[in-house]
Amino acid sequence: MLDFLGDLQRTHMCGALRASDAGKPAVLMGWVNRRRDLGNLIFIDIRDRSGITQVVCNKETNAGLHEKAGELRNEFVIAVLGTVKLRDPNTVNKNIPTGEIELVADELRILNEAKQPPFLPGDSVLPNEELRLQYRYIDLRRETMQRNIELRHKVSIAIRQYLASHNFFEIETPFMTRSTPEGARDYLVPSRVQQGAFYALPQSPQLFKQILMISGFDRYFQIVRCFRDEDLRADRQPEFTQIDLEMSYPQPERVWEVVEGFLSAAFKAAGYEIKPPFPRMSYDDAIRLYGSDKPDLRLPPITDVRDAFTGENLQTLGVSESLPVVAIRIPKVGELSRKERDDLKPLFISKGSAKLFEDFKRIEKSFPEAAAKVREKSGAALDDLILIVAGDGKPGQHKSEGGVKPEVKQHDHAVHTSAGLMRVAMGQRFAAKHGAFAAGDFRFLWVTDFPMFEWDEDGKRWAAAHHPFTSPHERDMEKLQSHPGAVRALAYDVVLNGTELGSGSIRIHRQDIQKKIFSALGMTEAEARSRFGFFLEALEYGTPPHGGIALGLDRIVMILAGADSLREVIPFPKTARAVDLMVDAPTPVSEAQLKELGIQVKNGAK
RNA sequence: GGGGACGUAGUUCAGUUGGUUAGAACGCUGCCCUGUCACGGCAGAGGCCGCGGGUUCGAGUCCCGUCGUCCCCGCCA
């Protein structure tokens with residue numbers, strides 16, 4: 001028999017009562033987290049988002065209540081009216097904040113019952129993720145998820161407050177907008193009123209925020225959902241939240257100061273202190289030293305050890321003499337068994353023709369002098385793990401590794417980026433040993449001076465590395481035609497512990513330069529007009545210099561929560577196939593709906 | 001699009017060289033229990049071994065396919 005809530009009001013949250021409340025009456029409402037039935041004495045742990053309080057029902061003092069308590073099952077929703085009582089010293093529970101007291105129940109109302117859930121929020125072992133996502137509402141009751149979502153809230157509030165207090169206006173931009181292909185695939189929304197035409201969901205509010213600068217709002221921000229129809233990863237969801245901002249008249253440093261400011265505020269809200277300014281590193285150095293454009297500074301850099309080897313050494317090893325030879329060093333890993341070394345091989349992902357030597361001992365045996373130099377150059381201690389990555393020695397193999405055109409191939413990306421991936425994989429593999437991945441160790445970094453263009457091997461053309469509205473360096477303007485690959489962009493990424501948090505740039509505000517970029521990208525004026533005409537026209541009406549950045553809120557919270565997937569900090573995420581298992585989306589729609597939209601589906605859904 | 005891992009009671013897992021009746025823990029149901037807090041004790045229910053095909057006298061176990069989840073590459077201006 002269920003009870004009504006009636007006029008009953010909650011007096012405290014379930015995690016609120018303390019010893020100082022002893023003697024007071026209290027009304028708690030929440031879920032039955034656990035029931036311990038000792039016969040004539042029943043304990044109920046009542047739970048809400050704030051915590052747990054123990055409720056006592058004694059048959060001797062209140063038989064009717066005791067009988068009702070016997071009917072309770074896990075996840076029933078109840079209200080308990082009672083008196084806060086100090087526990088006997090020997091029955092205090094030191095594991096919970098409310099452990100010094102308990103609520104002696106006078107009245108119990110069962111507000112709702114619950115079917116036996118597929119798993120209990122209080123369980124210590126997690127069910128598999130498929131089940132968690134299908135029953136997300138139960139999964140979200142778990143303490144960890146409650147904390148993650150609370151953390152997300154605190155972080156986003158802190159950022160909003162910081163930006164608002166620094167004269168940024170929060171301004172909304174449309175979700176139903178125009179498809180401007182290039183870049184990620186768009187999610188499309190069919191128009192009923194204009195059959196055959198589609199809106200696109202924004203991959204970012206890029207052009208709108210630039211137009212807001214043209215419109216004179218000076219400083220804009222938005223914590224905004226963005227959509228990209230691309231394959232998922234642990235750190236990539238098809239819809240995700242960005243902290244998007246744009247400002248007028250900035251140098252890159254002005255944007256960085258703002259970001260450092262709101263990140264400090266966000267981390268403070270999460271209980272961490274970080275110290276701006278963040279270090280800065282050019283893209284070239286990032287590739288050279290870390291084999292990545294998002295270096296994880298918690299591990300030592302890779303070292304070019306080409307000079308340690310003679311040409312003969314390299315020939316014997318079957319590696320190229322003209323490509324770099326680099327050493328990866330992971331501290332304190334110690335001696336590896338044969339099997340452990342063999343297990344490393346599959347972790348190596350070769351970009352282009354890079355080759356891994358996971359057995360440094362063998363190199364030490366064959367070439368003791370070279371090996372000694374490698375140790376010296378890389379600063380390796382005896383218990384450090386050393387792996388060597390070099391380019392394959394087969395002739396004619398390394399013309400344009402990784403799709404990088406020869407003229408920008410200053411760093412022989414294949415070897416460096418392969419080594420960079422392996423370095424990170426090793427860091428994760430041996431995290432327990434090297435101890436460099438401690439919680440609360442936050443290494444921020446600005447990566448700057450990205451190349452303006454990347455060679456697109458498939459399209460046989462230059463493509464914008466960032467986006468086509470990014471301003472080139474002022475000093476590189478004249479290379480736009482002659483050496484596109486050598487043009488640096490006024491673009492920057494903010495990186496934390498090997499994760500790209502955000503990406504931004506100073507934009508092009510002059511129409512003449514914008515035209516040159518489109519032409520360098522091989523786009524005719526007509527093409528540019530048809531895609532971005534509205535924007536190019538806006539540029540002509542007095543556009544101030546401007547620039548900005550966008551940071552992934554989900555990723556920030558993920559790192560702060562110590563989670564290894566965005567799904568842990570997004571309440572209702574999608575699976576790797578972009579499915580929402582709880583609501584079961586996407587689904588086919590009715591013939592009638594399709595007809596109204598003037599759409600025919602070729603391969604009818606299952 | 002490609003590579004890899006996983007799929008067995010409600011849940012988390014075990015299941016030997018293919019062998020007769022598929023186990024454990026937690027959860028669930030019933031009974032007992034007045035200081036538990038991962039309460040305890042006794043009894044019990046609960047299985048399309050993801051799905052389809054094949055090999056075999058015999059398949060949870062071997063093979064092929066398929067579906068689902070996860071990780072990675074490609075992709076993600």
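Naming: A, B, ... by sequence-line order, numbering from 1 per chain.
Looking only at side-chain heavy atoms (C-beta outward), A:I570 and A:F240 stay at 4.5 Å or farther from each other.
Of the N and O atoms on the side chains of A:Q206 and A:Q210, at least one donor lies less than 3.5 Å from an acceptor on the other residue.
Distances shown here put a side-chain N or O of A:R567 below 4.0 Å from the OP1 or OP2 atom of B:C71. Contact annotation: A:R577 side-chain N/O to B:U69 OP1/OP2 distance is under 4.0 Å.
When Watson-Crick and G-U wobble pairs are counted only if both distances are under 3.5 Å, B:G40 pairs with B:C32. B:U61 is unpaired under the Watson-Crick or G-U wobble criterion, no partner having all donor-acceptor distances under 3.5 Å. Across every strand in view, B:A5 sits in a pair with B:U69 that passes the Watson-Crick or G-U test at under 3.5 angstrom. When both pairing distances are held under 3.5 Å, B:A24 makes a Watson-Crick or G-U pair with B:U12. The pairing partner recorded for B:U55 is none, the criterion being a Watson-Crick or G-U wobble arrangement whose two distances lie under 3.5 angstrom.
The distance from atom CG of A:L131 to atom P of B:C6 is 20 Å, rounded to the nearest whole Å.
Contacts of A:N128 with the nucleic acid, taken as non-hydrogen atoms under 4.0 Å apart, involve only primed sugar atoms and P, OP1 or OP2. Within 4.0 Å (heavy atoms only), A:I42 reaches no atom of the nucleic acid at all. The residue A:R73 sits close only to the backbone: its heavy atoms come under 4.0 Å of sugar-phosphate atoms, none of a base. Heavy atoms of A:I52 sit nowhere under 4.0 angstrom from any nucleic acid atom.
For A:P127, the listed nucleotide lying nearest its side chain is B:U12; candidates were B:C70, B:U12, B:C72.
Within the 3.5 Å criterion, the main-chain N or O of A:K479 finds no donor-acceptor partner in the side chain of A:D476. In this structure, A:Y199 contributes its side chain and A:R178 its backbone to no donor-acceptor pair below 3.5 Å.
For an aromatic pair to be called close, the ring centres must be under 6.0 Å apart, and A:F532 with A:F518 satisfies this.
Evaluation of atom-type donor-acceptor distances gives no pair under 3.5 Å for the side chain of A:R228 against the base of B:C76.
The gap from the P atom of B:C75 to that of B:C67 amounts to 25 Å, rounded to the nearest Å.
A:I44 pairs with exactly one of A:V80, A:D37, A:L72, A:T53 by the side-chain contact (heavy atoms from CB on, under 4.5 Å) rule, that one being A:L72.
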Legend entry - Nucleotide-resolved protein contact map, nucleotides 32-42 of chain B, B/S/- at heavy-atom distance under 4.0 Å: -BBBBBSB---
